[in-house]
Chemist: 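One structure follows; several queries about it will come next.
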Protein chains: 2
Amino acid sequence: MVVSRARSVKTASSSKAAARAEMPKRDAILEAATRVFLAHGYEGASMDLVAKESGAARRTVYNQFESKEALFSAAVERVWRDFPVVGIAADKEALGDPAVGLSRLGRAVVEFWEPPVAVAFLRMVISEGMRFPDLPRNFFEAGKAPAMRALIDYLQQINENGSLDIPDAELAARQFLGLLNEPLLWLRVVGVGEPPSSAECQRVVEEAVMMMMARYGSSG
Amino acid sequence: MVVSRARSVKTASSSKAAARAEMPKRDAILEAATRVFLAHGYEGASMDLVAKESGAARRTVYNQFESKEALFSAAVERVWRDFPVVGIAADKEALGDPAVGLSRLGRAVVEFWEPPVAVAFLRMVISEGMRFPDLPRNFFEAGKAPAMRALIDYLQQINENGSLDIPDAELAARQFLGLLNEPLLWLRVVGVGEPPSSAECQRVVEEAVMMMMARYGSSG
DNA sequence: ACTGCACTGCACTGTGCAGTGTAATTACTC
DNA sequence: GAGTAATTACACTGCACAGTGCAGTGCAGT
């Protein structure tokens with residue numbers, strides 16, 4: 001997992017290089033590698049193709065990254081870094097009306113998975129999970145757990161202020177995610193059906209919220 | 001997709017061979033191939049390993065299956081053939097009490113995905129979906145669609161006899177599946193967390209049914 | 001004994017790919 | 001313009017693996 005940063009040695013020691021920590025070749029290689037790995041998987045991707053796609057010589061790829069595995073790790077790390085964080089502040093309005101808060105959280109989750117690159121990345125996490133156990137672990141710790149945490153926290157607050165009656169916030173959170181992900185995410189991951197329209201997304205979120213309200217609403 | 005069946009020629013023309021359509025080597029190869037492909041994926045699996053695992057000579061593998069791709073197709077076909085079909089007859093009791101019918105359907109779905117080989121197979125459908133578009137298509141047509149159809153049919157019957165008020169049976173079916181699959185299936189597919197206990201499964205099914213009853217129950 | 005057939009073991013071809021060594025070329029800095 | 005470091009093109013090694021050809025073996029049925 002140690003990544004060689006050939007140029008950083010120079011940029012660190014050079015006088016004016018501090019201003020330009022660009023490393024354009026390195027970035028181009030990483031960008032191309034991300035594309036190629038997401039499209040073909042680890043085995044299916046060849047260093048030759050990465051070089052061609054990045055416009056760099058094959059040797060340069062190896063000068064920047066000591067192995068295919070290191071390149072893969074670096075590319076994955078970059079994707080993680082660029083991933084948005086699902087985090088929603090629960091303001092007064094959201095705490096007052098669970099339907100508002102849940103809609104907001106639901107839309108955030110849906111928007112998180114909306115970009116095709118997110119789905120492709122999840123597919124790669126599943127595909128390469130055996131070869132790189134870090135992938136599922138990081139996916140869980142950096143991707144899933146925070147979103148779950150935010151959702152559970154919100155549901156507990158809602159429960160404590162009496163807006164809803166939620167005995168098991170963790171279960172409720174998973175249920176809510178299930179209502180959203182089954183139609184909007186997993187079908188795309190498996191690769192059947194067309195990507196959902198925004199109207200469809202909205203509908204699914206609304207219906208999921210209605211489901212939560214019906215099940216946990218104390219007004220029933 | 002044409003599979004060579006070297007021995008079937010003989011068994012068809014031979015006199016007493018009709019009694020023994022065993023083809024033990026072929027079956028052993030298919031069994032081993034299934035195991036190897038599920039464990040390593042298409043690229044990661046080598047014909048050498050399949051031969052070794054099956055106890056057959058490498059040449060025999062090629063005598064039975066004309067290529068790696070043909071072997072893969074045959075192995076996948078065999079898995080499809082052995083898959084149980086999620087189909088539940090809606091009897092009087094189930095039609096009279098939606099909670100009973102939904103519990104039954106839910107348990108059937110959960111049991112369908114319970115065996116690790118089912119999860120491994122779904123993982124392979126996702127992994128190799130690009131290389132073999134038949135996989136997701138067949139998964140959808142032979143695996144998902146029938147289950148959805150059975151669920152939708154049941155929900156429509158329940159709706160028509162007034163037990164529940166379900167305006168959109170397809171949406172409701174996907175919601176129900178989402179409530180079940182998110183905690184019980186997808187976590188295992190991604191490869192995080194331990195397989196759920198049977199108590200957990202039961203709990204998830206019960207809670208999913210409660211959710212459906214709360215949302216679509218006309219008694220509310 | 002003879003024949004047909006599946007099976008085996010082995011050597012072999014061809015290919016694609018990871019990774020390396022090197023000399024020439026380019027780009028940047030002073 | 002000189003010096004330095006990155007970059008490039010190219011040749012090369014080593015390896016794993018798909019697929020083939022072939023000589024030989026064991027085992028029916030005749």
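This structure is a prediction, so every number in the text was calculated from the model and none was measured. A, B, ... follow the sequence lines: proteins, then strands. Residue 1 opens every chain.
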Chemist: Return the value, rounded to whole Å, for the distance between atom CG of Asn63(A) and atom P of dT26(C).
Modeler: 18 Å
Chemist: From dG19(D), dC10(C), dT7(D), pick the nucleotide closest to the side chain of Arg59(B)?
Modeler: dC10(C)
Chemist: Judged by each residue's nearest nucleotide on DNA chain C, which is more toward the 5′ side, Ser67(A) or Ala56(B)?
Modeler: Ala56(B)
Chemist: With the side chain of Gln64(A) defined as its heavy atoms from C-beta on, choose the nearest nucleotide among dA11(D), dT7(D), dG9(C).
Modeler: dT7(D)
Chemist: Rounding to a whole Å, what distance do you find between Phe72(A):CZ and dA18(C):C1'?
Modeler: 16 Å
Chemist: Measure the distance from CZ on Phe37(B) to P on dA18(D) and round it to the nearest whole Å.
Modeler: 9 Å
Chemist: For dT30(D), what is the paired nucleotide under Watson-Crick or G-U wobble rules, both distances under 3.5 Å?
Modeler: dA1(C)
Chemist: So Gly55(B), base contact, sugar-phosphate only, or nothing? Heavy-atom distance under 4.0 Å.
Modeler: sugar-phosphate
Chemist: Round to the nearest Å and state the distance from Glu69(B) atom CD to dA18(D) atom C1'.
Modeler: 12 Å
Chemist: Just how far, in rounded Å, is C1' of dC17(D) from OH of Tyr62(B)?
Modeler: 8 Å
Chemist: Expressed as a whole number of angstroms, how long is the span from Lys52(B):NZ to dT8(C):P?
Modeler: 13 Å
Chemist: Atom CD1 of Ile29(A) to atom P of dT7(D): distance rounded to whole Å?
Modeler: 7 Å
Chemist: Check the distance between dG19(D)'s P and Glu66(B)'s CD and give it to me in whole angstrom.
Modeler: 10 Å
Chemist: Does the dG9(C) base have a donor-acceptor partner in the side chain of Arg58(B) within less than 3.5 Å?
Modeler: no
Chemist: Please pick, from dT7(D), dC10(C), dG19(C), the nucleotide with the shortest atom-to-atom distance to any side-chain atom of Lys25(A).
Modeler: dT7(D)
Chemist: Which part of the nucleic acid, if any, lies within reach of Ala51(A) when heavy atoms closer than 4.0 Å are counted: base, sugar-phosphate only, or nothing?
Modeler: nothing
Chemist: Tell me if the aromatic rings of Phe121(B) and Trp113(B) count as close, with their centers under 6.0 Å from one another.
Modeler: no
Chemist: Among dT20(C), dT8(C), dA18(D), which nucleotide has an atom closest to any side-chain atom of Met47(B)?
Modeler: dA18(D)
Chemist: Give the intermediate values and the outcome of ring pair (Phe, Tyr, Trp, His ring centres under 6.0 Å) for residues Phe72(A) and Phe65(A).
Modeler: CA-CA 9 Å; Phe72(A) 182 76; Phe65(A) 304 92; over 10 Å; no
Chemist: For the residue pair Pro196(A) and Val204(A), establish whether any side-chain heavy-atom pair is separated by less than 4.5 Å.
Modeler: no
Chemist: Could you measure the distance from the CD atom of Gln175(A) to the CE atom of Met211(A)? Nearest 0.5 Å is fine.
Modeler: 8.5 Å
Chemist: Heavy atoms only, 4.0 Å cut-off, all strands: where does Ser46(B) land among base, sugar-phosphate and nothing?
Modeler: sugar-phosphate
Chemist: Assess whether atom CE of Met148(B) is packed by more than 12 heavy atoms of other residues, nucleotides or ligands within 6.0 Å.
Modeler: yes
